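Numbers for residues simply follow the sequence, beginning at 1. Small disclaimer: the values here were computed from a predicted structure and weren't measured.
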Amino acid sequence: MTYQEAIDYILSVEWLGSRPGESRIRELCERLGNPQDRLKYVHVAGTNGKGSVSCMMANVFQAAGYKTGLYTSPYVYRFNERIQLNGRDIPDDELAKTVEKVREQADQMEERATVFELITATAFLWFAEQNCDVVVLEVGMGGRLDATNIIKDPLLSIITSIDLDHTAILGDTLGKIAYEKAGIIKQGCPTLVGELPQEALEVIEATAKERSSDFYKAPTDRIRIKSETLEGTVFTLNRVRYQIRLAGTYQPKNASVVIRAAELLSLPREAVKKGLLATYWPARFEMLCRKPVVIYDGGHNPQGVSAAVDTVKRIGLGKPVILTGVMRDKDHEQIVGMLSSIASEIYTVKPNNPRALPAAEYAAEFPAATPCESEAEGVSRAMKAAFEKDLPLLCIGSLYMYKEVRDAVEAEAVRYQ
């Protein structure tokens with residue numbers, strides 16, 4: 001099997017969509033010899049922040065000398081990003097070889113596995129074959145019925161945040177969504193949470209108590225920001241100085257979750273500092289270009305967009321030009337209101353996903369916005385406007401348009417050098 005054949009095979013079941021439940025992934029992993037049972041995990045769930053926390057956590061483990069696997073989703077530029085070992089993507093030939101082993105078993109199943117289940121099984125098998133010391137495992141969606149939740153006895157279960165998202169599947173209240181996220185809490189295994197709404201906190205704390213799980217909260221209230229720029233943030237926590245290369249007002253809070261997790265796991269402070277400073281995580285208030293300044297943020301729900309808007313204000317970026325695209329199932333009304341409050345000019349695009357809202361429909365929801373036929377056209381027009389007005393350009397609304405936007409920004413940037 002070649003690399004492209006492996007990718008084509010995984011995506012061949014895309015039409016099955018998301019089907020919560022553990023029966024298929026359990027059967028597939030049993031056929032593979034249950035590789036997931038040979039590994040140790042930190043399991044990370046949450047509405048927002050789980051990708052950043054997972055990446056920081058993996059870097060801290062690596063800095064402490066552990067052979068560390070990292071499993072995340074979705075990828076933002078290349079498929080292999082989803083499965084990493086010590087900060088490096090799974091090589092093409094290794095991916096192809098591992099998917100071929102998974103296919104041999106998956107094709108014998110009466111009920112076909114979904115895309116996410118195939119990828120998750122591939123990750124479990126490869127991490128086990130690489131003899132990882134620890135795997136930082138990001139939940140795909142929810143937690144209780146997620147394919148990653150077949151693991152046993154994690155070192156730590158982390159829930160970063162709770163907000164209304166994927167409501168058709170996870171529920172339409174914070175309490176219902178918290179119940180799904182709390183599904184990753186295991187009997188006798190410790191739980192750590194980030195900053196949560198009270199309604200969600202009560203549900204998760206009650207679940208932890210039922211499962212005899214020691215319960216901890218990240219000390220987000222003890223963060224003190226020292227400097228905050230597009231280059232990153234310097235802050236103190238309990239009077240200890242930390243530096244991260246990630247911009248965004250939400251990143252110190254994510255870092256505080258990792259700092260507390262490291263304490264619970266007895267990882268050395270110097271490894272924590274080194275791991276946090278080493279962390280690069282694309283599409284999280286990432287600067288793609290300096291002239292004009294172009295920022296990409298993957299905020300795709302009200303909580304994520306609100307955090308990005310707050311960052312714009314705190315860093316002092318004025319009234320940026322905005323390029324935005326969203327999924328149809330997101331809360332457009334709130335997102336439109338927040339982006340309109342800070343924008344000098346707005347361009348809409350349709351992200352590269354079947355669930356995406358057409359650009360013209362999205363534009364009609366704003367008081368004034370210009371729809372574009374493609375991400376490339378949107379980037380060209382928005383960068384021109386930003387350059388002429390001497391304003392930054394903020395690209396926001398979905399991770400699914402990152403690759404197209406980044407490629408277009410790189411192509412357009414030569415005009416302004």
Side-chain angles (χ1 to χ4, degrees), residues 40-46 48-68 70 72 86-87 133-136 138 154-162 189-196 201 204-205 208 213-282 284-287 307-308 310-311 313-316:
K40 295 179 180 179
Y41 301 93
V42 170
H43 203 188
V44 185
N48 293 302
K50 63 182 186 291
S52 296
V53 166
S54 295
C55 187
M56 290 181 195
M57 193 77 248
N59 280 323
V60 170
F61 272 119
Q62 188 181 341
Y66 292 89
K67 192 174 186 180
T68 307
L70 173 63
T72 59
N86 283 349
D133 296 321
V134 64
V135 173
V136 181
E138 181 190 350
L155 300 172
L156 182 64
S157 300
I158 298 175
I159 300 173
T160 59
S161 66
I162 301 289
C189 300
T191 301
L192 171 66
V193 300
E195 191 173 71
L196 304 181
L201 182 63
I204 292 170
E205 197 165 7
S213 167
D214 292 338
F215 185 77
Y216 303 93
K217 298 178 187 176
T220 56
D221 59 331
R222 297 204 288 274
I223 296 168
R224 300 292 180 267
I225 304 296
K226 299 302 180 182
S227 69
E228 192 172 16
T229 70
L230 287 173
E231 308 293 338
T233 308
V234 176
F235 66 95
T236 61
L237 181 63
N238 294 330
R239 298 184 180 180
V240 179
R241 182 183 182 276
Y242 297 94
Q243 184 175 356
I244 53 178
R245 291 191 297 150
L246 303 171
T249 56
Y250 46 88
Q251 293 296 5
K253 292 182 179 180
N254 289 334
S256 77
V257 174
V258 175
I259 292 165
R260 186 67 178 115
E263 291 173 354
L264 296 172
L265 297 169
S266 301
L267 298 174
R269 181 176 290 170
E270 285 310 307
V272 175
K273 289 186 172 185
K274 184 178 177 181
L276 290 179
L277 185 58
T279 299
Y280 160 74
W281 197 232
R284 278 69 173 183
F285 224 83
E286 178 189 7
M287 185 162 57
D310 185 45
T311 302
K313 294 175 180 177
R314 286 177 62 104
I315 293 180

Are side-chain heavy atoms of Val240 and Lys273 found at a separation under 4.5 Å?
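Yes, side chains in contact.
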With sequence neighbours excluded, tell me which residues meet salt bridge (Lys or Arg N to Asp or Glu O under 4.0 Å) with Glu228.
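Salt bridge (Lys or Arg N to Asp or Glu O under 4.0 Å) check on Glu228 returns Arg314.
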I'd like to check the salt bridge (Lys or Arg N to Asp or Glu O under 4.0 Å) partners of Arg224; sequence neighbours left out, ordered by chain and number.
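Arg224: no salt bridge (Lys or Arg N to Asp or Glu O under 4.0 Å) contacts found.
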Check: Glu270 main-chain N/O paired with Lys274 side-chain donor or acceptor under 3.5 Å:
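It does not hold such a pair.
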Not counting sequence neighbours, which residues clear side chain to side chain contact (heavy atoms under 4.5 Å, CB included) with [X]? List them please.
X      : result
Thr72  : Ser54, Leu70, Glu138, Trp281
Glu286 : Tyr280, Pro282, Leu288, Tyr402
Lys313 : Val309, Ile342

Worked check of side chain to side chain contact (heavy atoms under 4.5 Å, CB included) between Met57 and Val134:
CA-CA 11 Å; Met57 193 77 248; Val134 64; over 6 Å; no
Which heavy atom of [X] sits nearest to which heavy atom of [Y], and what is that distance?
X      : Y      : answer
Ile158 : Ala261 : CD1-CB, 4.1 Å
Ala63  : Ala271 : CB-O, 3.5 Å
Met56  : Val258 : CB-CG2, 3.7 Å

Using 0.5 Å steps for rounding, measure from the [atom1] atom of [X] to the [atom2] atom of [Y].
X      : Y      : atom1 : atom2 : answer
Thr220 : Ile259 : OG1   : CD1   : 11.5 Å
Ile204 : Leu196 : CD1   : CG    : 5.0 Å
Ser266 : Leu155 : OG    : CG    : 11.0 Å
Leu230 : Phe285 : CG    : CZ    : 6.5 Å

Qualifying residues under side-chain hydrogen bond (donor to acceptor under 3.5 Å, both in side chains), relative to [X], sequence neighbours excluded:
X      : value
Thr68  : none
Arg269 : none
Asn238 : Arg222

Just distance, no hydrogens or angles: give the donor-acceptor pairs under 3.5 Å from side chains in residues 244-256, sequence neighbours left out.
from	atom 1	to	atom 2	distance (Å)
Arg245	NE	Leu277	O	3.1
Arg245	NH2	Ala278	O	3.1
Thr249	OG1	Asp310	OD2	3.3
Thr249	OG1	Thr311	OG1	3.2
Tyr250	OH	Asp297	OD1	2.5
Gln251	OE1	Asn254	ND2	3.0
Gln251	NE2	Ser52	OG	3.2
Lys253	NZ	Glu195	OE1	2.7
Ser256	OG	Lys253	O	2.7

In this structure, are over 12 heavy atoms from other groups packed under 6.0 Å from Lys67 atom NZ?
yes
Could you give all pairs that pass the salt bridge (charged side-chain N to carboxylate O under 4.0 Å, His left out) test and reach residues 52-66, with sequence neighbours left out?
none
Contacts satisfying salt bridge (charged side-chain N to carboxylate O under 4.0 Å, His left out) that involve residues 255-264 (not counting sequence neighbours) are Arg260-Glu263
Ser161 and Asn48 side chains, donor-acceptor separation under 3.5 Å
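No donor-acceptor contact under 3.5 Å links the two side chains.
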Listed partners of Tyr66 passing ring-ring contact (aromatic ring centres under 6.0 Å, His included), at least two apart
Phe61
Might you work through the side chain to side chain contact (heavy atoms under 4.5 Å, CB included) test for Val44 and Val257, ending with a clear yes or no?
CA-CA 11 Å; Val44 185; Val257 174; over 6 Å; no
